[in-house]
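Count residues from 1 along the sequence.
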Amino acid sequence: MAAQNCLVANDWICWDYVTSRSQELTDATLEHIWITGVSVLIGIAVSVPLALLARRGRRWAAPVLGLTTLLYTIPSLAMFSLLLPVFGLSAALVVTGLVLYSLTILVRNVLAGLEAVPEDVREAARGMGYGPGRLLWQVELPLALPALLAGVRIATVSTVALTTVGSIVGKGGLGNLIAPAVNSSFKAQVLTASVLCVLLALVADLLLLGVQRLLTPWTRAGAGAGARARAGARPAAAAAAAAAPAPAPAKEA
């Protein structure tokens, strides 16, 4: 009886709501994951060519970075209104908007990763006969992975939150539950859907962190080796100073 009363009392925490609407919550969560995943993957595919274009010099960097930053400043309602004549009331409308929003993060991180590749590494690869394409795919992009994946993590968490805005066209995943519940003051639905959004963001970030650590083991090994080298350098320097001969006295005039 108490479990049923939480719906009547409109409590924030109501397990009866979760059990009675489990299928609705599952469908909304799966749609949220699908829209977020597709948006981030397309964003990565678009951001890499844009970052390569921006790397060619200031002539290209300023327009590319300026455009992606400008897109991020457009309010979501205005963005969807601009895209509506092209895509109609569909999931493609939401995905396209989310892709455009993700570019400002992804392009900058990919560009930062590519620019951080040491020039001597590039020269060594060219000396071994690597052409531009092979140099990019086998040398530069692998070394740029830490920055790229860091950008993917930020973009994914941001996209999980922004996906809820798609509820204005009925394609917002968990946002489809949050928006009407806010209007009707249905507390249990607002809290449950919001908590699921937060959990999705946390789980996605942890999974991507695991992927990042798996694909970039040299970052951990390099950090550990650097710490050991710095720790070993201090006693070595002290021993060298102790073994050094004392300076000869100055010769009197």
Side-chain angles (χ1 to χ4, degrees), residues 35-76 78-83 86-87 92-163 165 201 204-205 207-209 211-219 222-223:
I35 292 175
T36 299
V38 171
S39 301
V40 173
L41 289 175
I42 296 176
I44 295 171
V46 175
S47 64
V48 171
L50 288 177
L52 293 175
L53 181 63
R55 191 178 61 159
R56 300 184 64 177
R58 291 185 178 180
R59 177 184 175 184
W60 299 102
V64 169
L65 297 178
L67 178 60
T68 55
T69 301
L70 177 64
L71 289 172
Y72 196 78
T73 63
I74 300 176
S76 54
M79 176 72 80
F80 290 159
S81 298
L82 293 172
L83 296 173
V86 180
F87 298 100
L93 169 68
V94 180
V95 169
T96 303
L98 294 175
V99 168
L100 295 177
Y101 282 135
S102 70
L103 292 180
T104 186
I105 299 170
L106 294 174
V107 170
R108 290 177 182 274
N109 277 71
V110 174
L111 182 60
L114 291 173
E115 290 181 340
V117 177
E119 188 58 34
D120 57 345
V121 173
R122 293 192 180 95
E123 290 299 326
R126 293 190 187 101
M128 295 173 63
Y130 281 56
R134 190 181 177 193
L135 175 65
L136 173 65
W137 290 105
Q138 297 187 13
V139 178
E140 293 180 315
L141 282 179
L143 292 178
L145 270 180
L148 191 156
L149 292 175
V152 171
R153 289 173 60 194
I154 298 171
T156 300
V157 172
S158 175
T159 302
V160 169
L162 286 173
T163 297
V165 182
D205 189 56
L207 288 176
L208 289 172
L209 177 60
V211 172
Q212 180 177 343
R213 293 173 64 86
L214 181 65
L215 295 180
T216 59
W218 65 87
T219 57

Partners passing salt bridge (charged side-chain N to carboxylate O under 4.0 Å, His left out) against Glu119 (at least two apart in sequence or in another chain): Arg122, Arg126
Rounded to the nearest 0.5 Å, what separates atom OG1 in Thr96 from atom CG in Leu100? 7.0 Å
For the atom pair CG (Leu98) and CE (Met79), what is the distance rounded to the nearest 0.5 Å? 9.5 Å
Apply side-chain contact (heavy atoms from CB on, under 4.5 Å) to residues Leu149 and Leu208 and explain how you reach the verdict. CA-CA 8 Å; Leu149 292 175; Leu208 289 172; 5.8 Å; no
[X]: what forms a side-chain contact (heavy atoms from CB on, under 4.5 Å) with it, not counting sequence neighbours?
X	value
Leu53	Arg56, Trp60, Val64
Leu93	Phe80, Leu83, Leu84, Phe87, Ser90, Val169
Pro75	Ala78
Arg134	Tyr130, Gln138

Between side-chain atoms of residues 102-116 and protein atoms elsewhere (two or more places apart, or another chain), which donor-acceptor pairs fall under 3.5 Å?
residue	atom	partner	partner atom	Å
Ser102	OG	Val99	O	2.8
Arg108	NH2	Thr69	OG1	2.7
Asn109	ND2	Ala147	O	3.1

Identify the two heavy atoms, one from Ser76 and one from Val165, that lie closest to each other, and give their separation to 0.1 Å. OG-CG1, 3.3 Å
Report yes if the side chains of Tyr101 and Ser39 come closer than 4.5 Å at any heavy-atom pair, otherwise no. no
With side chains defined as the heavy atoms from C-beta onward, is the minimum distance between Leu52 and Leu136 less than 4.5 Å? yes
According to salt bridge (charged side-chain N to carboxylate O under 4.0 Å, His left out), does anything in residues 141-155 pair up with another residue at least two apart or in another chain? List the pairs. Arg153-Asp205
Can you sort out the partners of Thr36 under side chain to side chain donor-acceptor pair (under 3.5 Å), two or more places apart, ordered by chain and number? Thr163
Between Thr159 and Ala155 (side chain of the first, backbone of the second, donor and acceptor by atom type, cut-off under 3.5 Å), is there such a pair? yes
